[in-house]
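The block underneath contains the structure these notes are about, expressed in structure tokens.
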Number of protein chains: 2
Amino acid sequence: MDPVSTEQVAEFRRFNRYFTRRIGALDDHYLGQDRPLGEARLLFEIGEGVSLRELRGRLGLDAGYLSRMTKTLQAQGLVRVSVHPGDSRLRVVELTRAGRVELAEQNRRADALAAGLLEGLSGPQRDRLTEAIGTAQRLLRLAGITVTRVDGAAPDARACLDAYAADIDARFPEGFDPSDLVRPEEVSGDAGAFLVAYEEGRPVGCGALRRLEPGIGELRHVWVHPDARRLGLARRLLAALETEATTRGLTTLRLDTHASLTEARAMYRACGYTEIPPYSEHVYGDHWFEKRLHPPGN
Amino acid sequence: MDPVSTEQVAEFRRFNRYFTRRIGALDDHYLGQDRPLGEARLLFEIGEGVSLRELRGRLGLDAGYLSRMTKTLQAQGLVRVSVHPGDSRLRVVELTRAGRVELAEQNRRADALAAGLLEGLSGPQRDRLTEAIGTAQRLLRLAGITVTRVDGAAPDARACLDAYAADIDARFPEGFDPSDLVRPEEVSGDAGAFLVAYEEGRPVGCGALRRLEPGIGELRHVWVHPDARRLGLARRLLAALETEATTRGLTTLRLDTHASLTEARAMYRACGYTEIPPYSEHVYGDHWFEKRLHPPGN
DNA sequence: CATAACCTTTGACTGTAGTCAAAGGATTGT
DNA sequence: ACAATCCTTTGACTACAGTCAAAGGTTATG
């Protein structure tokens with residue numbers, strides 16, 4: 001990776017300082033108003049019935065701390081705590097009517113804060129701001145996603161493939177037969193690779209590489225979770241898969257895709273893949289692509 | 001002002017949440033490391049010799065709280081406290097060598113954090129991110145600036161005019177004679193108006209409107225503090241001055257400017273002003289502009 | 001020159017955030 | 001059926017953040 005320019009680091013830190021001081025602080029202060037911040041955040045995360053376990057994980061809180069905060073919210077009549085139907089060790093907490101009112105008020109205040117801020121701008125300026133923060137958020141998310149190789153049989157790998165299969169099944173008129181998925185041994189060891197993209201610990205994308213014949217590899221199941229689309233993650237996965245292929249001495253990569261996946265086809269073209277005649281008899285493909293890889297020396 | 005779209009408010013809040021949770025929290029946590037956050041922030045603000053009074057204002061701290069924090073920093077040998085030379089009520093605090101080392105370490109860590117984040121992006125993506133956060137910051141700053149009318153004799157007005165005069169004096173080869181500034185009575189009452197732009201309580205720009213002859217007004221001293229340039233503030237001032245003119249029934253605005261102020265001339269043109277022959281004998285102008293105003297009904 | 005205003009220090013608090021360990025009920029694996 | 005594991009509760013703390021009021025020295029103001 002190329003080194004990060006110090007000017008960009010400085011710019012980023014400037015923004016960070018400005019934003020947290022000006023917006024973050026304001027937000028924290030006004031959001032809770034007459035309620036401790038921890039409680040306000042908790043209220044916000046509860047939504048419609050969550051287990052304490054889930055909340056602990058999401059907010060990164062100590063079990064005891066969370067238990068106490070929940071109790072005070074309960075004492076104020078804002079939440080209701082009950083035993084989880086399926087597992088009596090778990091407690092499920094949900095908002096009462098009063099809790100929903102409180103949450104709505106909290107949202108109203110935060111909305112008013114944001115609206116008040118945007119009010120100082122003209123229409124086009126607001127559009128530019130919205131555009132800029134959208135871009136910034138997408139890039140920051142992408143920067144926080146890591147792509148790593150995992151075993152083809154690992155739970156995260158199977159979870160991704162299941163999600164992929166369900167996704168395709170819903171999108172193809174003819175459905176999708178899960179037996180067409182790669183088998184773990186096809187993407188293990190020297191035979192191939194299975195890559196998973198993680199965002200904050202959760203798998204949000206995957207891609208498989210397997211050997212077709214000497215010097216030629218095939219990409220399969222390049223998939224990105226719906227929540228993580230439009231970030232440029234597919235390209236990242238593609239690049240990582242190509243690196244895997246190069247280190248294995250493969251010189252050509254092939255893949256097939258479906259006519260209905262228009263964005264995917266456009267992306268493959270943009271990434272240097274060219275359409276070729278069918279090279280295989282996959283059931284679900286009707287467009288075939290190929291790319292020549294450059295040796296690692298370059 | 002047009003109402004703010006709820007979609008834009010939602011987008012802004014989404015970004016706000018994401019950013020404070022992901023970046024702000026990280027920053028706070030790692031910045032101090034083995035030091036309370038308050039102390040770390042204090043250390044950061046001290047720089048090279050500041051009075052406690054100044055710090056109190058900048059960080060919004062309680063006098064007692066600040067006094068105590070300063071004392072613990074002093075006990076750790078990070079700062080030196082002395083009496084202000086001009087006013088013995090004030091204390092001046094400055095970093096010791098050890099304090100500067102500590103601050104450098106703090107900066108190094110924050111830089112590393114930012115760099116680590118940017119490392120997940122390719123060069124062009126980093127450029128896009130830098131561009132986006134720059135745009136966002138400029139627009140957020142602009143949104144936080146308010147333009148209000150003040151009396152032409154008010155301290156803030158005079159401060160702006162002094163800064164304007166010094167600015168022009170340094171930029172014009174022939175210098176600038178402060179007696180050419182508008183007199184308070186020219187911009188008071190119905191005669192004219194003096195507008196000051198405030199960012200977080202500090203004046204960062206100004207503009208004057210005075211009556212030239214019936215129906216015709218003149219804009220003078222439109223000025224933006226160097227720290228607040230390139231935000232679009234001059235246009236805001238211009239628009240506000242035009243509103244003032246319209247409510248006074250003026251139908252034409254004129255102004256003169258100097259050949260060396262190229263950006264200013266470009267802005268006037270972009271804002272609908274057209275160049276006209278000289279209408280006055282101002283010493284410092286050599287380009288004259290005019291704009292017809294539309295009645296408020298439109 | 002007295003008095004008001006100002007800046008800092010000190011003492012005495014309060015509330016929030018957060019940690020750690022022990023204990024008890026519930027579930028899972030063997 | 002027994003042990004190990006899991007989830008929550010409770011008690012006992014610690015540290016940080018922040019407020020309020022009294023007091024003492026210093027400077028401006030009439």
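Just so it is clear: chains get the letters A, B, ... in the order the sequence lines come, proteins before strands, and each one is counted from 1. The analysis underlying the following values was restricted to heavy atoms, covering all of them including side chains, and did not include hydrogens, waters or symmetry mates.
Within the 4.0 angstrom heavy-atom criterion, base atoms lie near Gly64(A).
Straight-line distance from the CG atom of Leu59(B) to the C1' atom of dA17(D): 13 Å, rounded to whole Å. Atom CE of Met69(B) and atom C1' of dT9(C) are 15 Å apart (whole Å). Rounded to whole Å, atom C1' of dG25(C) lies 17 Å from atom CZ of Arg53(A). In this structure, Asp62(A) atom CG and dA17(C) atom P are separated by 13 Å, rounded to whole Å. Rounding to whole angstrom units, CG of residue Leu90(A) and P of dT8(D) are separated by 5 Å. In this entry the distance linking CG of Leu55(B) with C1' of dC7(C) reads 13 Å, nearest Å. The separation between Leu73(B) atom CG and dC16(D) atom P is 12 Å, rounded to whole Å. In this structure, Tyr65(A) atom OH and dT8(D) atom P are separated by 17 Å, rounded to whole Å.
For dT27(D), the OP1/OP2 oxygens have a side-chain nitrogen or oxygen of Ser88(B) closer than 4.0 Å. Checking the phosphate oxygens (OP1, OP2) of dT10(C), a side-chain nitrogen or oxygen of Lys71(B) falls inside 4.0 Å.
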Go through the steps to decide whether Arg21(B) and Glu200(A) satisfy the test salt bridge (Lys or Arg N to Asp or Glu O under 4.0 Å), and finish with yes or no. CA-CA 12 Å; Arg21(B) 195 173 53 79; Glu200(A) 304 187 14; 3.4 Å; yes
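Not a single donor-acceptor contact under 3.5 angstrom links the side-chain atoms of Arg89(B) to the base of dG24(D). If you check distances only, the side chain of Arg68(B) never reaches the base of dG18(D) with a donor-acceptor pair under 3.5 Å.
Below 30°, between 30° and 60°, or above 60°: for Phe19(B) and Phe15(A) the angle between ring planes is above 60°, a perpendicular geometry.
In summary, the side chains of Gln76(B) and Arg35(B) do present a donor paired with an acceptor at a separation below 3.5 Å, with no hydrogens or angles considered.
When distances are taken from the side chain of Leu52(A) to each of dC7(C), dC16(D), dT8(D), the shortest belongs to dT8(D). Closest contact between the side chain of Ala63(B) and the listed nucleotides dG18(C), dG11(D), dT8(C) involves dT8(C). In the set dT27(C), dT19(D), dT16(C), dT27(C) carries the atom at the smallest distance from any side-chain atom of Asp87(A).
For Gly38(A) and Ser51(B), each mapped to the nucleotide of DNA chain C holding its nearest heavy atom, the one lying further toward the 5' end belongs to Ser51(B).
Taking 4.0 Å as the cut-off between side-chain N and carboxylate O, Glu54(B) and Arg58(B) count as a salt-bridged pair.
Side-chain atoms of Pro184(B) and Arg158(B), non-hydrogen and from C-beta on, do get closer than 4.5 Å to each other.
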